Amino acid sequence: MNTFYITLSIDILGIAVGIISIATIISVKKQMGGAIGKGLGLFIWGVMFMMLAFLWTIIFTRLKLLMPPAVDIHHALMTIGMILFVVSAKKFSKTVNL
């Protein structure tokens, strides 16, 4: 199999995993609420930004469906996603009684 199709498949799989993850997290968030729910909300946003990074790559790099803008924001989307994961973890840490 051509490496183009392998990497495109990985990108598409990443988006599919993101969709399933968000659906699962929303279900858990409805059950938990409170501070944990707020942390999960930020986690969902983090997953969404990662999915946007995959989508960016598919549209502008893999399939070249559109002319890429002057600035490649793929890495910016990934960085924002990571920041949201860290802030989410910080919110979770506040729910633990030490």
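Here the structure is a predicted model, which is why all the values come from computation and not from measurement.
No side-chain heavy atom of Leu84 sits under 4.5 Å from any side-chain heavy atom of Phe43. Contact of the Leu55 side chain with the Asp11 side chain is not registered, since no non-hydrogen atoms from C-beta on lie closer than 4.5 Å. By the 4.5 Å heavy-atom criterion applied to side chains, Trp45 and Ile83 are not counted as neighbours.
Checking side-chain atoms of Thr79 against main-chain N and O of His75 turns up a donor-acceptor pair under 3.5 Å. Formation of a donor-acceptor pair under 3.5 Å by the Thr95 side chain with backbone atoms of Ile36 is not found in this model. Without hydrogens or angle criteria, His74 side chain to Ala53 main chain gives a donor-acceptor distance under 3.5 Å.
In terms of heavy-atom proximity, Gly14 sits nearest to Phe54 at CA-CE1, 3.8 Å. Leu40 approaches Val28 most closely through the heavy-atom pair CD1-CG1, 3.8 Å. Summarising the geometry of Trp56 relative to Asp72, their closest heavy-atom pair is NE1-OD1, 2.8 Å, with the distance given to 0.1 Å. Nearest heavy atom pair, residue Phe60 against residue Pro69, reads CE2-CD, 3.7 Å. The two residues Gly39 and Ser88 come nearest to each other via the heavy atoms O-OG, 2.7 Å. Phe85 approaches Gly46 most closely through the heavy-atom pair CZ-C, 3.5 Å.
Distance check: Thr7 OG1 to Ile12 CD1 gives 9.5 Å after rounding to the nearest 0.5 Å. Annotation: the span from Met48 atom CE to Ser21 atom OG amounts to 13.0 Å, rounded to 0.5 Å. In this structure, CD1 in Ile58 is found 11.0 Å from CD1 in Ile10, a value given to the nearest 0.5 Å. In this structure, CD1 on Ile15 lies 12.5 Å from CD1 on Ile20, to the nearest 0.5 angstrom. Atom NZ of Lys29 sits about 10.0 Å away from atom NZ of Lys38, to the nearest 0.5 Å.
The hydrophobic clustering, which links ILVMFWY residues whose side-chain heavy atoms are closer than 4.5 Å, places Leu52 and Ile59 together. Hydrophobic clustering, with ILVMFWY side chains joined whenever heavy atoms are under 4.5 angstrom apart, groups Ile44 together with Ile19. Taken together through direct or relayed side-chain contacts under 4.5 Å among Ile, Leu, Val, Met, Phe, Trp and Tyr, Leu65 and Tyr5 form part of one hydrophobic cluster. Met78 and Val17 fall into different hydrophobic clusters, where Ile, Leu, Val, Met, Phe, Trp and Tyr side chains are chained together by heavy-atom contacts under 4.5 Å. Put simply, Leu63 and Leu13 are part of two different groups of oily side chains (I, L, V, M, F, W, Y) that touch within less than 4.5 Å, one to the next.
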- Message: Assess the residue pair Leu77 and Met50 against the criterion (side chain to side chain contact (heavy atoms under 4.5 Å, CB included)); give the C-alpha distance rounded to whole Å, side-chain angles, the decisive distance to 0.1 Å, and a yes or no.
- Response: CA-CA 7 Å; Leu77 292 168; Met50 295 295 181; over 6 Å; no
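Residue Phe4 qualifies as enclosed at atom CZ: its count of foreign heavy atoms under 6.0 Å is above 12.
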